[in-house]
Undergrad: 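Please see the structure below; I have some questions.
Values below: every heavy atom of this structure, side chains too, minus hydrogens, waters and symmetry copies. In what follows, every chain begins at residue 1, and chains take the letters A, B, ... in the order their sequences are listed.
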Amino acid sequence: MKIYNTRTRQKETLKTREPNVLHMYVCGLTPYDSMHIGHARAFTVYDVLRRYLEHRGWRVIHVQNWTDIDDKIIQRANELKVSAKEIAERFIAEAEEDCRDLGLLQPTIMPCVTEHINDIIKAVQMLIDRGYAYARSGNVYFDVSKYESEFHDYGLLSGQTRDELIAGARVAPDEDKDDPVDFALWKAAKPNEPFWDSPWGKGRPGWHIECSVMSLKYLGAPFDLHGGATDLVFPHHENEIAQSQALIGVKPIVTCWMHSGVLTVGGEKMSKSLGNFVTLRAALKRHGKNPLRLLYLSTHYRSPLDYSEERIEGAKASLRRIRTAIEVINTKLATETSEENDDKKERASELMQLLEESTRLFYEAMDDDLNTAEALGYLFRIVGAALTYNAIVKESPSHSEKVVLSLMKDRLTNLLSVLGFDVRELEAPERLEDALGEELLKLLIEVRAQLRQRRLFDLADLIRSKLSELGIALEDTPQGTQWRKT
RNA sequence: GGCGCCGUAGCCGAGUGGCACAGGCGAGGGACUGCAAAUCCCUUCACCCGGGUUCAAUUCCCGGCGGCGCCUCCA
């Protein structure tokens with residue numbers, strides 16, 4: 001399988017330390033607020049990568065951190081007059097629930113920064129000892145010039161040289177630093193801030209060091225793949241590389257850097273600071289997990305993805321199409337097997353050919369830098385074939401047709417679950433949360449059937465239109481009246 | 001200002017040096033239906049602009065224009 005490697009700026013065959021085992025580190029959240037659908041997009045990308053590799057027989061060791069101590073957490077804690085710890089715990093619990101509801105596989109290991117303070121202090125000390133870092137009044141900074149003089153790759157990931165970064169001139173001036181591009185490994189605690197004791201006084205880790213320490217601790221060096229969204233390329237991942245390589249002396253420390261595109265709204269990046277975010281929780285409640293996942297996967301993971309209600313409604317309609325196709329196949333399979341003849345055999349073999357071709361192309365698309373958008377196209381070819389077959393062929397299927405229909409259904413559900421869709425939800429009959437409501441609905445449908453039989457269509461239509469206003473759509477099919485939520 | 005990505009039908013969105021079969025949504029027409037819905041069929045025929053390379057460019061190169069991301073916390 002090929003993945004686009006940000007470090008080399010090209011698609012590369014995924015090379016791993018051990019054959020068919022992927023050691024993957026994904027940058028997790030800073031839990032200072034509810035997670036939004038932009039975060040969820042990134043996590044969905046790595047979730048699909050993992051599901052796909054596991055489907056192909058790989059083992060994936062997936063480490064995803066919680067940056068549970070940070071300026072923003074402290075700020076939020078002060079606003080709400082609670083401890084930083086409480087804030088972090090609260091939003092970690094919330095995010096874990098949201099991720100589960102979205103159908104994300106739980107990472108193998110989810111380390112917290114606050115549980116690795118000693119490891120971090122050791123790492124910072126080691127960097128100082130080796131001359132890659134210096135302490136200034138309780139702070140410790142990474143010495144980029146020193147690093148660059150030995151490793152010659154600072155800026156490689158983000159495509160900027162050290163000089164260009166300085167010329168950017170927006171690097172925060174900090175009197176303590178020897179150089180504007182140097183960055184904090186350890187930050188001295190200000191009054192009323194949480195702290196840990198260290199050789200440099202009371203303080204807490206800087207932003208990037210936790211990922212270096214925890215990725216190396218749990219995955220070793222070099223490890224296979226490091227993921228995150230593009231907005232982490234600089235400075236976070238650039239600095240992480242410098243720290244890790246200075247620490248271990250191995251270059252490159254990560255074989256493949258994978259970055260997902262950001263989620264935008266009206267063309268602007270979704271972010272807390274712009275206030276244009278939709279929480280994952282709200283989106284799940286309103287739309288459900290499958291539509292959200294389809295929206296994510298219908299754009300290539302490296303492209304920006306613009307979120308809109310219109311698009312998610314489109315995703316819902318697409319999903320209904322898949323659902324209908326599966327239903328149609330089930331119905332056909334449930335009918336009596338008809339006698340075989342040449343026409344049926346030929347139809348079956350045509351369907352089989354389409355199925356095998358679409359499946360092959362699906363895998364090729366996935367192997368080509370996780371092109372889920374293209375892969376979905378092939379999946380919809382199978383869907384379309386099933387629907388067309390159903391519309392054209394009125395007689396019940398023969399043995400050979402049943403064989404291929406059954407294969408189509410299995411393949412569809414299989415590929416859908418590889419992409420992480422909840423197939424059970426897709427296949428399950430519609431339900432209302434309220435059992436009584438559902439009974440009443442069934443009663444109404446029964447009454448309406450009687451009305452229709454007596455050709456009292458005015459009343460039957462009244463029931464249908466009133467239910468429609470309540471968000472229930474009725475569809476009269478040869479198998480009786482079906483209902484669904486709208 | 002620097003670095004990078006992108007510009008494909010009404011919308012979203014894959015893709016390719018050789019007639020653009022992606023796929024989805026939407027719209028219009030038809031079939032089906034008591035009427036709808038769903039479904040099927042048909043229509044909706046698009047590669048930002050200007051150069052260059054080439055027998056051939058939407059695809060490669062250069063230059064514009066436009067959009068976005070990063071350069072400050074960000075998934």
Undergrad: From CG of A/N239 over to P of B/C71, roughly how many Å is that when rounded to an integer?
TA: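 In whole Å, B/C71 P and A/N239 CG are 12 Å from each other.
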Undergrad: State which residues pass side-chain contact (heavy atoms from CB on, under 4.5 Å) with A/N139; sequence neighbours excluded, sorted by chain then number.
TA: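 Result, side-chain contact (heavy atoms from CB on, under 4.5 Å) vs A/N139: A/S137, A/Y141, A/D176, A/K187, A/A188.
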Undergrad: Please determine, for B/G18, whether a Watson-Crick or G-U wobble partner exists with both distances under 3.5 Å, and give it or none.
TA: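 The base-pairing partner of B/G18, which may sit in any strand shown, is B/C55.
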Undergrad: How far does the C1' atom of B/C47 sit from the matching atom of B/U8, given to the nearest Å?
TA: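 B/C47 and B/U8 have their C1' atoms separated by 4 Å.
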Undergrad: Contact list please: residues 347-365 of chain A against RNA chain B, heavy atoms, distance less than 4.0 Å, in numerical order.
TA: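 Residues of residues 347-365 of chain A that come under 4.0 Å of RNA chain B do not exist, since none gets that close.
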Undergrad: Write down the distance between CD (A/E240) and P (B/A75), rounded to a whole number of angstrom.
TA: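 That distance rounds to 13 Å.
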Undergrad: Among residues at least two apart in sequence or on other chains, which ones pass salt bridge (charged side-chain N to carboxylate O under 4.0 Å, His left out) with A/R136?
TA: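 With neighbours one apart ignored, the set is A/D178.
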Undergrad: Is A/G28 touching bases, backbone alone, or none of the nucleic acid, heavy atoms closer than 4.0 Å?
TA: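 Sugar-phosphate contact only - A/G28 comes under 4.0 Å of backbone atoms but never of a base.
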Undergrad: What is the distance, rounded to the nearest whole Å, between atom CD1 of A/I312 and atom C1' of B/G24?
TA: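 Rounding to the nearest Å, CD1 of A/I312 and C1' of B/G24 are 14 Å apart.
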Undergrad: For B/C49 and B/C40, measure between their C1' atoms and round to the nearest Å.
TA: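 B/C49 and B/C40 have their C1' atoms separated by 42 Å.
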Undergrad: Pick the C1' atom in B/U44 and in B/C25, then give their distance to the nearest Å.
TA: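 It comes out at 13 Å once rounded to the nearest Å.
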Undergrad: Between protein and nucleotides 29-37 of chain B, map the contacts as a letter string: B base, S sugar-phosphate only, - none, heavy atoms under 4.0 Å, written 5' to 3'.
TA: -----BBBB
Undergrad: Using a heavy-atom cut-off of 4.0 Å across all strands, would you classify A/G38 as base, sugar-phosphate, or nothing?
TA: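 Counting heavy atoms under 4.0 Å across all strands, the contact made by A/G38 includes a base.
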Undergrad: Report the distance from atom CG of A/D231 to atom C1' of B/G4, rounded to the nearest whole Å.
TA: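 So the CG-C1' distance, A/D231 to B/G4, works out to 14 Å.
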Undergrad: Which base sits across from B/C73 as a Watson-Crick or G-U pair, both distances under 3.5 Å?
TA: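 Pair assignment: B/C73 / none.
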Undergrad: So, A/T30 versus A/D70: side-chain donor-acceptor pair below 3.5 Å or not?
TA: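 No - no donor-acceptor pair under 3.5 Å links their side chains.
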Undergrad: Suppose we define a pair by two distances each less than 3.5 Å, Watson-Crick or G-U wobble; what does B/A31 pair with here?
TA: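 Base partner found: B/U39.
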Undergrad: Ion pair present between A/E94 and A/R90, side-chain N to carboxylate O less than 4.0 angstrom?
TA: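 A/R90 and A/E94: not salt-bridged.
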Undergrad: I need the OH-C1' distance between A/Y4 and B/C5, as an integer number of Å.
TA: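 The answer, rounded to whole Å, is 8 Å.
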Undergrad: Quick check, are the ring centers of A/H36 and A/Y307 under 6.0 angstrom apart?
TA: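 Between A/Y307 and A/H36, which both carry aromatic rings, the centre distance is not below 6.0 Å.
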Undergrad: Are the charged groups of A/R347 and A/E395 less than 4.0 angstrom apart, N to O?
TA: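 Salt bridge present between A/R347 and A/E395.
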Undergrad: Tell me the partner of B/G26, counting only Watson-Crick (N1-N3 plus N6-O4 or O6-N4) or G-U wobble (N1-O2 and O6-N3) with both under 3.5 Å; none if nothing fits.
TA: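 The base-pairing partner of B/G26, which may sit in any strand shown, is B/U44.
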Undergrad: Could you let me know what B/G63 is paired to, Watson-Crick or G-U wobble, both distances under 3.5 Å, or none if it's on its own?
TA: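 Checking every strand shown, B/G63 finds its partner in B/C49, with both distances under 3.5 Å.
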Undergrad: Can you check the distance between B/U58 and B/U39, where both ends of the measurement are the P atom (answer in whole Å)?
TA: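 That atom pair is separated by 37 Å.
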Undergrad: If B/G4 has a Watson-Crick or G-U wobble mate with both distances under 3.5 Å, name it; if not, just say none.
TA: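 Its partner is B/C68.
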Undergrad: Classify A/L294 by what it touches in the nucleic acid, base, sugar-phosphate, or nothing, heavy-atom distance under 4.0 Å.
TA: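 No contact at all - A/L294 keeps every heavy atom at 4.0 Å or more from the nucleic acid.
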Undergrad: Going by the rule side-chain hydrogen bond (donor to acceptor under 3.5 Å, both in side chains), which residues pair with A/E350 if we only count those two or more places apart in sequence or in a different chain?
TA: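 Listed in chain order: nothing, the list is empty.
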Undergrad: From the set B/G69, B/G24, B/A75, return the single nucleotide nearest to any side-chain atom of A/H36.
TA: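 The answer is B/A75, which lies nearest to the side chain.
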Undergrad: Taking side-chain contact (heavy atoms from CB on, under 4.5 Å) as the test, write out the residues that go with A/S298, two or more places apart.
TA: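 Expected list: A/R311, A/L376.
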Undergrad: Partner of B/A9 by Watson-Crick or G-U wobble geometry, both contacts under 3.5 Å, or none?
TA: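 By the stated definition (distances under 3.5 Å), nothing pairs with B/A9.
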Undergrad: At under 4.0 Å between heavy atoms, what does A/T161 touch on the DNA or RNA strands: base, sugar-phosphate, or nothing?
TA: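 Contact class for A/T161: none.
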Undergrad: Roughly how far apart, to the nearest Å, are B/G7 and B/C48 at atom C1'?
TA: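 Taking atom C1' in both B/G7 and B/C48, they lie 6 Å apart.
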Undergrad: Looking at A/S271 and A/N276, what are the two nearest heavy atoms and their distance?
TA: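 It is N-OD1, 3.0 Å.
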Undergrad: Do the side chain of A/Q160 and the main chain of A/G155 share a donor and acceptor less than 3.5 angstrom apart?
TA: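 Not a single qualifying donor-acceptor pair exists.
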Undergrad: Would you kindly give the NE2-to-P distance between A/H236 and B/U72, to the nearest whole Å?
TA: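 Interatomic distance, NE2 of A/H236 to P of B/U72: 15 Å.
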Undergrad: Counting only non-hydrogen atoms, which of residues 271-293 of chain A are less than 4.0 Å from RNA chain B?
TA: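 When residues 271-293 of chain A is checked for heavy atoms under 4.0 Å from RNA chain B, there are no hits whatsoever.
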Undergrad: Which part of the nucleic acid, if any, lies within reach of A/V233 when heavy atoms closer than 4.0 Å are counted: base, sugar-phosphate only, or nothing?
TA: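 Counting heavy atoms under 4.0 Å across all strands, no contact is made by A/V233.
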Undergrad: Using a 4.5 Å cut-off on heavy atoms from C-beta on, say whether the side chain of A/F91 contacts that of A/D68.
TA: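 No, their side chains stay 4.5 Å or more apart.
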Undergrad: Provide the full list of ring-ring contact (aromatic ring centres under 6.0 Å, His included) pairs with a residue in residues 348-377 of chain A, sequence neighbours left out, each pair given once.
TA: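 Residue pairs passing ring-ring contact (aromatic ring centres under 6.0 Å, His included), neighbours aside: A/H55-A/Y363.
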Undergrad: Taking NE2 from A/H259 and P from B/A75, how many angstroms apart are they, rounded to a whole number?
TA: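 My rounded result for the distance is 13 Å.
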Undergrad: Hey, what are the protein-to-nucleotides 39-43 of chain B N/O distances that come in under 3.5 Å?
TA:
from, atom 1, to, atom 2, distance (Å)
B/C40, OP1, A/R321, NH1, 3.3
B/C41, OP1, A/T388, OG1, 3.4

Undergrad: If we check ring pair (Phe, Tyr, Trp, His ring centres under 6.0 Å) with A/Y218, which of these qualifies: A/H116, A/H62, A/H23?
TA: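 Filter result, single survivor: A/H116.
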Undergrad: Of all heavy-atom pairs between A/P291 and A/G288, which one has the smallest distance, and what is that distance?
TA: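 Nearest heavy atoms, A/P291 then A/G288: CD-O, 3.5 Å.
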Undergrad: If we take the C1' atom in both B/A31 and B/G69, what is their distance in whole Å?
TA: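 Going atom to atom, C1' in each nucleotide, I get 49 Å.
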Undergrad: Figure out the CD/C1' separation between A/E268 and B/A75, and round it to whole Å.
TA: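 Taking atom C1' of B/A75 as the reference, CD of A/E268 is at 17 Å.
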Undergrad: Tabulate atom names and distances for all N/O pairs under 3.5 angstrom spanning the protein and nucleotides 13-16 of chain B.
TA:
from, atom 1, to, atom 2, distance (Å)
B/A14, OP1, A/H300, N, 2.8
B/A14, O3', A/N371, ND2, 2.9
B/G15, OP1, A/N371, ND2, 2.7

Undergrad: Is there a donor-acceptor contact under 3.5 Å linking the side chains of A/S34 and A/R281?
TA: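 Looking only at side-chain atoms, A/R281 and A/S34 do not form any donor-acceptor pair under 3.5 Å.
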Undergrad: Specify the closest pair of heavy atoms between A/I37 and A/Y296, including all atoms of both residues, with the distance to one decimal.
TA: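 So the minimum-distance heavy-atom pair works out to O-OH, 2.7 Å.
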Undergrad: Less than 4.5 Å apart, side chain to side chain, heavy atoms only: is that true for A/R9 and A/Y4?
TA: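 Side chain of A/R9 against side chain of A/Y4, heavy atoms only: contact under 4.5 Å found.
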Undergrad: Test: side-chain hydrogen bond (donor to acceptor under 3.5 Å, both in side chains). Region: residues 257-269 of chain A. Which pairs qualify, not counting sequence neighbours?
TA: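 Output for this query lists A/T6-A/H259, A/D231-A/K269, A/H237-A/H259, A/T264-A/D306.
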Undergrad: At under 4.0 Å between heavy atoms, what does A/M270 touch on the DNA or RNA strands: base, sugar-phosphate, or nothing?
TA: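 Answer is base: heavy atoms of A/M270 come under 4.0 Å of a base.
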Undergrad: Can you tell me, in whole Å, how much space there is between the C1' of B/A14 and that of B/C73?
TA: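 It comes out at 34 Å once rounded to the nearest Å.
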Undergrad: Given the C1' atoms of B/A75 and B/C70, what is the spacing between them in whole Å?
TA: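 Straight-line distance between the two C1' atoms is 14 Å.
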Undergrad: For residues 380-392 of chain A, which side-chain donor-acceptor pairs fall under 3.5 Å, sequence neighbours excluded?
TA:
from, atom 1, to, atom 2, distance (Å)
A/T388, OG1, A/G384, O, 2.9
A/Y389, OH, A/E401, OE2, 2.9

